[in-house]
Amino acid sequence: MTVGAERLREALRGVVEALGLKVTDIWLERPREESHGDLATNLAMKLAPQLRRKPRDVAQEIIDRLALPPGVVTRVEIAGPGFINFWLATGAVADALRQVMAAGVAWGRSDAGGGRPVNVEFVSANPTGPLHVGHARQAVLGDALASLLESTGWRVTREFYYNDAGQQIANLVQSVQARIHQLKGRAAEIPAGGYHGEYIRDLAQGYLATHPEDPEASDLDAVRRFAVSELRQEQDRDLQALGVKFDVYSLETSLYTAGEVERTVNRLVAAGHAYDQDGALWLRTTDFGDDKDRVMRKSPDKGGEYTYFVPDVAYHVTKWERGFTRAINIHGADHHGTITRVRVGLQALEMGIPAGYPEYVLHQMVTVVKGGQELKISKRAGSYLTLRDLVDEVGADAVRYFFLMRKSDSHLVFDVDLATKQSEENPVYYVQYAHTRMAGIFRTAGLDPATMTGAEADLTTLREPEEQELIKRLGEFPGVVAKAAETLEPHRVVAYLEQLATAVNRWYHEHRVVGAPPELERGRLVLARGAQMVLANGLHLLGVTAPERM
RNA sequence: GCGCCCGUAGCUCAGGUGGACAGAGCAACGGCCUUCUAAGCCGUGGGUCGGAGGUUCGAAUCCUCCCGGGCGCACCA
């Protein structure tokens with residue numbers, strides 16, 4: 001919500017109706033160029049073709065018919081090819097600050113979700129090793145998206161899915177077993193497709209220390225339970241270090257033990273979309289737009305197991321049956337091939353799940369650069385930068401901020417040297433510093449900012465251009481949050497915060513708060529509090545701290 | 001070969017459901033600290049928006065083709 005925009009939009013809508021025309025959406029935004037006013041609309045240019053008149057003439061008629069509430073707009077002009085530009089009254093701006101203060105920490109919240117449930121699944125790493133920087137991007141992205149959805153009225157469940165069954169786990173177990181044998185002085189090889197990281201050795205030692213009854217590691221199931229449990233705990237600790245928490249952890253193995261996989265296959269067969277060929281059980285996914293049919297159960301000579309596609313579908317059935325009418329999955333872009341398969345599998349069940357279920361947010365890969373050199377990420381080779389390394393080195397705030405700066409479908413170069421610098425080159429500090437400065441004002445004034453309500457001053461005293469600009473920025477915040485949540489693009493909030501911080505720093509630099517004439521000082525204290533609050537609200541949405549001092 | 005994503009300033013990236021002269025940060029250069037933290041502020045230079053067509057009053061944005069980079073196309077997960 002931009003300052004004054006709603007009332008103006010209503011007035012414009014009234015004109016359109018009076019003209020007997022239809023426009024679904026009235027574009028009314030803040031122009032990039034300051035000399036184009038506070039708000040501008042292209043409405044006349046949109047209507048001109050329908051009316052078969054020149055855009056500027058239409059603009060004039062709109063202005064003539066416009067019934068504006070008093071005290072909102074001080075000036076209107078027709079510009080360029082037919083834009084209508086509006087300038088807002090100081091009083092309207094002061095009103096906006098009052099609204100910000102009245103809402104407090106709730107400023108930015110809205111209710112598009114209406115309390116409906118949404119499941120946000122992210123990270124979902126296999127428990128075969130520590131989390132790496134790609135997981136870090138996903139963890140931060142998913143957590144921020146979840147927060148954005150919460151802020152816009154959705155009831156969010158953060159969920160982590162473990163692929164703790166299948167070949168990769170078998171490889172893990174054999175790798176650990178091989179290391180145990182080596183520790184015992186016997187020749188053993190890490191199997192093909194196995195894991196070579198140092199952590200495998202740690203797991204081997206850990207197993208021997210806790211399982212004296214099995215010094216030969218012959219109980220593969222015990223090795224599996226131990227290794228998976230240890231790795232899950234480590235992943236959990238690392239995520240906590242990043243400030244990411246989950247509400248629900250789902251295990252692939254439990255889909256099997258609970259019979260969900262079997263049940264899903266039976267349903268697919270019953271729905272009539274399955275067939276046998278070459279000894280395998282296939283799903284005719286081409287009925288639903290897939291480019292080829294998919295195997296659900298391998299032929300006996302290939303092992304006779306279910307392919308990974310079946311538990312994936314079964315898992316999403318459980319999401320649906322748990323009441324999640326909306327589900328969002330965050331995955332690396334290398335998973336985009338699974339999107340069609342999962343959706344098509346759900347369609348083939350014919351149980352009323354919408355075609356676009358679940359939604360996907362894909363993110364591109366992360367390249368880590370340190371000392372001008374790219375660090376290769378290879379879990380199997382064992383040489384890679386973990387999420388934990390990154391957090392230990394640059395701090396959770398910088399990690400989160402860096403990963404949220406860019407839209408998810410852009411490749412991201414994480415410059416460790418830059419993020420490590422505790423200096424002005426590091427952008428996260430810019431926003432945090434603006435917050436710190438606001439906190440500093442209240443320290444100097446000897447006031448508790450939390451007690452400010454907005455009622456303690458005449459806010460029309462805030463007439464300086466930097467003040468008007470800052471208040472307008474504060475007013476934009478809810479609209480930015482709503483848009484970021486709607487488009488599932490947290491980087492919009494980062495961009496907004498940098499603009500807000502710029503407005504804050506400019507104002508702070510130009511005008512003193514403490515020591516200004518009493519009436520003005522009171523007004524400026526309110527503005528300082530408003531700015532501090534919105535900065536904090538925004539940073540918290542991203543999971544970044546808003547420090548009082550730096 | 002087919003599909004998806006990306007190609008915007010020296011670097012990293014915004015802007016992309018069409019709109020007013022293309023933006024930010026960093027890097028470069030020049031100013032500003034007896035005052036609420038200079039982790040800041042102000043200013044200067046810097047771009048054929050990968051290329052070519054097309055649609056439009058108007059294209060970085062939409063369509064087609066091409067070039068370049070990434071990823072995916074298994075009875076692997």
Side-chain angles (χ1 to χ4, degrees), chain A residues 25 27 29 31-33 35-36 40 42 45-46 48-49 54-55 79-83 85 126 128 163 165-171 193 252 277-282 291-292 294-309 311-312 332-340 362-365 367 369 402 405-415 418 421-434 436-445 487 491-492 494-495 498-499 501-502 504-516 521 524-525 528 549-550:
Chain A
D25 225 9
W27 182 85
E29 279 179 16
R32 224 197 313 273
E33 181 63 40
S35 65
H36 293 148
N42 64 351
M45 288 182 285
K46 287 287 181 208
K54 292 178 184 168
F83 289 98
N85 298 334
N126 296 340
T128 54
N163 287 107
Q167 191 56 45
Q168 298 197 22
I169 296 296
N171 291 342
E252 183 184 0
Q277 187 182 308
D278 305 330
L281 181 64
W282 294 69
D291 53 357
K292 62 180 85 161
R294 307 288 167 179
V295 169
M296 292 197 284
R297 191 171 51 225
K298 303 180 200 172
S299 58
D301 56 307
K302 303 262 179 172
E305 300 137 356
Y306 290 116
T307 59
Y308 69 99
F309 146 80
D312 274 359
D334 55 342
H335 281 66
H336 79 250
T338 69
I339 296 176
T340 306
L362 299 184
H363 65 89
Q364 292 290 335
M365 299 295 108
T367 307
V369 174
F402 266 61
M405 281 195 298
R406 268 94 221 221
K407 63 180 177 205
S408 65
D409 54 10
S410 287
H411 290 255
L412 190 151
V413 175
F414 198 109
D415 185 336
L418 178 63
K421 276 184 193 162
Q422 305 276 320
S423 78
E424 79 273 2
E425 293 156 58
N426 200 334
V428 60
Y429 293 108
Y430 183 76
V431 177
Q432 290 184 316
Y433 185 57
T436 298
R437 283 178 142 180
M438 297 302 101
I441 290 170
F442 288 97
R443 274 197 299 276
T444 304
T487 57
H491 75 272
R492 291 170 183 275
V494 175
E498 287 177 6
Q499 290 174 339
T502 296
V504 167
N505 282 326
R506 256 183 212 148
W507 173 65
Y508 179 93
H509 184 262
E510 284 300 316
H511 307 289
R512 292 253 340 151
V513 175
V514 180
E521 180 184 290
R524 285 181 175 169
L525 283 167
R549 296 172 189 272
M550 290 172 72

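Proteins get letters first, then strands, A, B, ... in listed order; numbering begins at 1 in each.
- In this structure, CD of A/Q432 is placed 10 Å from C1' of B/rA39, rounded to the nearest angstrom.
- Here B/rC36 is the nucleotide among B/rU37, B/rG40, B/rC36 with the atom lying nearest to any side-chain atom of A/T444.
- Among the atoms of the strands shown, none is found under 4.0 Å from any heavy atom of A/M296.
- Here B/rG72 is the nucleotide among B/rG72, B/rA20, B/rC75 with the atom lying nearest to any side-chain atom of A/D334.
- To the nearest 0.5 angstrom, A/F414 atom CZ is 8.0 Å from A/M405 atom CE.
- The same atom, P, is picked in B/rG40 and in B/rC5; the two are 37 Å apart, to the nearest Å.
- Of the P atoms belonging to B/rA14 and B/rU8, the separation is 10 Å, rounded to the nearest Å.
- The A/R294 side chain lies nearest to B/rA74 when the options are B/rA74, B/rG72, B/rA77.
- B/rG10 and B/rG45 have their P atoms separated by 15 Å, with the value rounded to a whole Å.
- A/P55 places none of its side-chain heavy atoms less than 4.5 Å from the side chain of A/F83.
- A/R443 comes within contact range of at least one nucleobase, with a heavy-atom separation under 4.0 Å.
- Between A/R406 atom CZ and A/L412 atom CG the span is 6.0 Å, to the nearest 0.5 Å.
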May I have the step-by-step check of side-chain contact (heavy atoms from CB on, under 4.5 Å) for A/V504 and A/M438, ending in yes or no? CA-CA 9 Å; A/V504 167; A/M438 297 302 101; 3.4 Å; yes

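- With rounding to whole Å, A/H363 atom NE2 is found 12 Å from B/rC71 atom C1'.
- Note that the CE atom of A/M550 and the CD atom of A/Q432 stand 5.0 Å from one another [nearest 0.5 Å].
- Here the nucleotide nearest the side chain of A/R512, chosen from B/rC42, B/rC36, B/rA20, is B/rC36.
- Base orientation of B/rC4: anti, since the glycosidic angle falls outside 90° of 0.
- A donor-acceptor contact under 3.5 Å links the side chain of A/N42 to the base of B/rG19.
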Does the side-chain contact (heavy atoms from CB on, under 4.5 Å) test come out yes or no for A/Y308 and A/E252, once each step is laid out? CA-CA 10 Å; A/Y308 69 99; A/E252 183 184 0; 5.6 Å; no

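- Within the structure, a side-chain polar atom (N or O) of A/Y433 is placed less than 4.0 Å from OP1 or OP2 of B/rA38.
- Where RNA chain B pairs in unbroken runs of 3 or more (Watson-Crick or G-U, both distances under 3.5 Å), the stems are B:1-7 with B:67-73, B:10-13 with B:23-26, B:28-32 with B:40-44, B:50-54 with B:62-66.
- Nearest nucleotide to the side chain of A/T307, out of B/rA77, B/rC36, B/rA20: B/rA77.
- A/A79 comes within contact range of at least one nucleobase, with a heavy-atom separation under 4.0 Å.
- Rounding to the nearest 0.5 Å gives a distance of 9.0 Å between NE2 of A/H335 and NE2 of A/H363.
- With P as the reference atom, B/rA22 and B/rG46 are 14 Å apart, rounded to whole Å.
- For the pair A/G166 and A/W27, nearest-nucleotide mapping onto RNA chain B gives the more 5' position to A/W27.
- Comparing the same atom, P, in B/rC33 and in B/rC13 gives a spacing of 37 Å after rounding to whole Å.
- Counting atom types as modelled, A/H335 pairs no side-chain N or O with a base atom of B/rG72 as donor and acceptor under 3.5 Å.
- The CD1 atom of A/I441 sits 10.0 Å away from the CD atom of A/E521 when rounded to the nearest 0.5 Å.
- Nucleic acid contact for A/A445: none, since no nucleic acid atom lies under 4.0 Å from a heavy atom of the residue.
- To the nearest whole angstrom, the two C1' atoms, one in B/rA9 and one in B/rG47, are 5 Å apart.
- Taking atom C1' on both nucleotides, B/rG25 is separated from B/rG15 by 15 Å, rounded to a whole Å.
- B/rC76 sits 43 Å from B/rG53 when the C1' atoms are compared, rounded to a whole Å.
- For A/R506 and B/rC42, the shortest distance from a side-chain N or O to OP1 or OP2 is below 4.0 Å.
- Taking atom NZ of A/K46 as the reference point, atom P of B/rG18 lies 6 Å away to the nearest angstrom.
- Residue A/R437 places none of its side-chain N or O atoms closer than 4.0 Å to OP1 or OP2 of B/rA39.
- For the pair A/Y508 OH and B/rG40 P, the interatomic distance rounds to 13 Å; values are reported in whole Å.
- Residue-level contact check: A/D278 touches the bases, meaning some heavy atom is under 4.0 Å from a base atom.
- Counting to the nearest Å, the C1' atom of B/rG40 and the NE2 atom of A/H509 are 7 Å from each other.
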side-chain contact (heavy atoms from CB on, under 4.5 Å) between A/F442 and A/L525, worked out: CA-CA 8 Å; A/F442 288 97; A/L525 283 167; 3.8 Å; yes

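- When the side-chain nitrogen and oxygen atoms of A/K298 are compared with OP1 and OP2 of B/rC76, one or more of them lie within a distance under 4.0 Å.
- In this structure, A/E29 atom CD and B/rG16 atom C1' are separated by 13 Å, rounded to whole Å.
- Here B/rC5 presents its P atom at 10 Å from CG of A/L362, a figure rounded to the nearest Å.
- With the nearest nucleotide of RNA chain B identified for both A/K302 and A/H36, A/H36 has the one nearer the 5' end.
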Contact state string [nucleotides 8-15 of chain B, B base, S sugar-phosphate only, - no protein heavy atom under 4.0 Å]: ----BSSS

Dump the intermediate steps for side-chain contact (heavy atoms from CB on, under 4.5 Å) on A/E305 and A/K298, then the final yes or no. CA-CA 5 Å; A/E305 300 137 356; A/K298 303 180 200 172; 3.3 Å; yes

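- Using a 4.5 Å heavy-atom cutoff, the side chains of A/V295 and A/F309 are not in contact.
- Separating the CE atom of A/M365 from the C1' atom of B/rG69 is a distance of 15 Å, rounded to the nearest angstrom.
- Side chains of A/R294 and A/T307: a donor-acceptor N/O pair is absent below 3.5 angstrom, by distance only.
- Phosphate proximity of B/rG3 to A/K292: absent, as no side-chain N or O sits under 4.0 Å from OP1 or OP2.
- Note that CG of A/N126 and CD of A/Q168 are 4.5 Å apart. Values are rounded to the nearest 0.5 Å.
- Not a single donor-acceptor contact under 3.5 angstrom links the side-chain atoms of A/D312 to the base of B/rA77.
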